[in-house]
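When a ligand or atom number is given, it counts from 1 through the structure's own listing order.
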Amino acid sequence: MTKTGEQLDVDFARSHFPALSGEWAFFENAGGTLAADSVLAKTQAYMAENFVQPAAAYEASAEGTRKIEESQRLMAEMMGAEPDEVMVGPSTSMNVYMLSEAIRRWFAPGDEIICTNLDHEANNGGWRRLEEFGLVIREWRINPETAELELDALDELLGDKTRLVCFSHLSNIAGGINDVAEVTRRVHAAGALVCADGVAYAPHRAIDVKAWDVDFYLCSLYKLYGPHLSLLYGKREHLARAHNNNHYFLADDVPLKLNPGGPNHELTAALSGITDYFDILHRHHFPDSNLALHDRIKQVYGLMADHEERIAAPFVEFLLGKKGVRLIGRQTVAQNLRAPTFSFTVAGRRSEEIPAALLPYKVAVSSGDFYAARCIRDLGLAEAGGVIRASMVHYNTEAEVVRLIEGLDKVI
Ligand SMILES: Cc1ncc(COP(=O)(O)O)c(C=O)c1O
């Protein structure tokens, strides 16, 4: 039983986001969430107290090193991994380019990599470029009616030449949850590896890379209440075998060898602010618990998922009932099927008209392809300016959703 009756105390959660003190209802969370105050405080503290070269013996440096190492350990724990299996890098796009450069020598000309036409370009471009080295790219294509990646279609592509399958855990357009453990099981049975993009999934549900048995997994921390950095998980044996992207004398330093130049110090030090925030929510809702960190985080995600489903329900009902509106992806709010990342189009209107028309209501949404250009093209939506996207996270409120619906009802 939680202190607050098993429901997320949304006012409490909001009190930890300084950017929420204004008048705007913020529904651009799939583009980037707001940062928790614990993250801001830790960035400030590192820059004020430890902004020196780390790894030296003097106090400011030693303490800075400790902060960076603690963040790296906590981020790994949050993913359900070991610290030497998680690399902190500047962005998911950059991490994929670094990963593809580090493992391309594992593949021979004629070997196949499967990419999707659903994914953000981050988990596409870095792999597709390997055609230059003779690799063959095969495409796991969505069903254009449903915007779904279907497992039967994957089975048809898997074969003895398949080496790697790159796909998203959750699409930043369609919002549907793909069964990452089942995809991984099928790909492993075919003798290949997976690289899953968890960027759009991580703000909504707990990450558990070991339980899913994925080979590589990615998430961007600026969409997880943190700073503009990204995590790349890789199984230890894969990272050890990967080519060194860094200076020659760092060839044995896993995972640093994948990230030339190393991570941004002040922002890496601030990453522990993300787990601090989850812990603050945990203590508030479950004061008597003595679970381990990964389990505490899972419990908080449970509250978030329930809250998100509850506030999104009237919005889905509105979209499904409104004439001329097409909701992309699963036509449901059910938390086991989707996250509250809603993309839609309006018949006869260019998509960019709608966010502009909502400005007087102080409702922040956006439109376009959100760098999932292949998906938008293959859904036939490029000419109309892509989709309008309204994406919620746990700090959104029922009242904000009412404002979004009322605004849309007037402008559509
Ligand atoms: C699903 C998904 N994957 C990857 C990315 C790219 O992340 P980054 O900006 O860290 O490269 C995004 C960003 O919008 C995304 O939504």
Side-chain angles (χ1 to χ4, degrees), residues 26-35 39 75 79 86-101 115-129 140 142 147-149 165-178 180 183 194-205 207 209 214 216-233 258-259 263-264 267-268 270-271 274 328-330 338-343 355 364-376 378-379 386-393:
F26 187 66
F27 291 108
E28 238 298 76
N29 295 291
T33 56
L34 303 171
V39 171
M75 290 302 98
M79 295 182 101
V86 176
M87 184 188 92
V88 178
S91 70
T92 290
S93 303
M94 188 80 109
N95 281 352
V96 173
Y97 281 109
M98 285 299 108
L99 179 63
S100 70
E101 173 57 24
C115 296
T116 80
N117 65 340
L118 176 66
D119 277 44
H120 184 286
E121 196 61 14
N123 201 22
N124 257 314
W127 304 117
R128 289 176 189 256
R129 276 188 200 181
W140 183 10
I142 48 173
E148 295 271 347
L149 286 173
V165 177
C166 308
F167 67 102
S168 51
H169 197 168
L170 191 133
S171 152
N172 65 331
I173 301 293
I177 300 173
N178 291 314
V180 73
V183 172
V194 298
C195 179
D197 174 350
V199 172
Y201 181 88
H204 307 284
R205 305 286 185 275
I207 304 174
V209 289
V214 284
F216 301 105
Y217 195 88
L218 298 139
C219 91
S220 297
L221 298 164
Y222 68 96
K223 303 193 200 257
L224 190 53
Y225 320 112
H228 216 120
L229 286 178
S230 164
L231 303 178
L232 163 64
Y233 160 80
L258 265 77
N259 184 10
N264 172 306
L267 298 184
T268 304
L271 295 180
I274 299 174
I328 310 300
R330 296 180 181 159
R338 69 141 58 240
T341 300
F342 300 108
S343 297
V365 300
S366 194
S367 71
D369 65 19
F370 302 100
Y371 279 21
R374 298 167 200 274
C375 168
I376 294 299
D378 293 347
L379 289 172
V387 290
I388 305 135
R389 188 176 69 180
S391 52
M392 304 167 190
V393 290

When you measure from [atom] to every protein heavy atom, which one gives the shortest distance, and what is it?
atom                    : value
atom 14 (O) of ligand 1 : Lys223 NZ, 2.6 Å
atom 7 (O) of ligand 1  : Ser220 OG, 3.3 Å
atom 6 (C) of ligand 1  : His120 CE1, 3.3 Å
atom 9 (O) of ligand 1  : Tyr222 OH, 2.5 Å
atom 3 (N) of ligand 1  : Asp197 OD2, 2.6 Å

(request) May I have the step-by-step check of side-chain hydrogen bond (donor to acceptor under 3.5 Å, both in side chains) for Ser391 and Thr341, ending in yes or no? (result) CA-CA 4 Å; Ser391 52; Thr341 300; 5.3 Å; no
(request) Give a yes or no answer on whether the side chain of Asp197 reaches the backbone of His120 with a donor-acceptor pair at less than 3.5 Å. (result) no
(message) Strictly distance-based, threshold 3.5 Å: is any side-chain N or O of Asn123 a donor or acceptor partner for the main-chain N or O of Phe167?
(response) yes
(request) Just let me know how Tyr371 lines up against ligand 1, side chain, backbone, both or neither, with a heavy-atom cut-off below 4.0 Å. (result) neither
(message) Checking contacts here: is it the side chain or the backbone of Thr92 that comes within 4.0 Å of ligand 1, counting heavy atoms only? Could be both or neither.
(response) both
If you count the atoms of ligand 1 from 1 in the order shown, which ones are under 4.0 Å from a heavy atom of [X]?
X      : result
Ala122 : 4 (C), 6 (C)
Ser91  : 8 (P), 10 (O), 11 (O)
Asn172 : 1 (C), 16 (O)

(request) Assess whether atom OH of Tyr371 is packed by more than 12 heavy atoms of other residues, nucleotides or ligands within 6.0 Å. (result) no
(request) Could you tell me whether some N/O pair between Ser93 and ligand 1 is separated by less than 3.5 angstrom? (result) yes
(message) Regarding Asn124 and Asp119, do their side chains bring together a donor and an acceptor under 3.5 Å, going by distance alone?
(response) no
(request) For the residue pair Ser220 and Thr92, confirm or rule out a side-chain donor-acceptor distance under 3.5 Å. (result) yes
(message) Here's one to test your reading of the geometry: is the NZ or CZ of Arg389 within 45 degrees of the ring axis of Phe342 and under 6.0 Å from its centre?
(response) no
(request) Look at the aromatic rings of Tyr217 and His169 and report parallel, tilted or perpendicular, splitting at 30° and 60°. (result) perpendicular
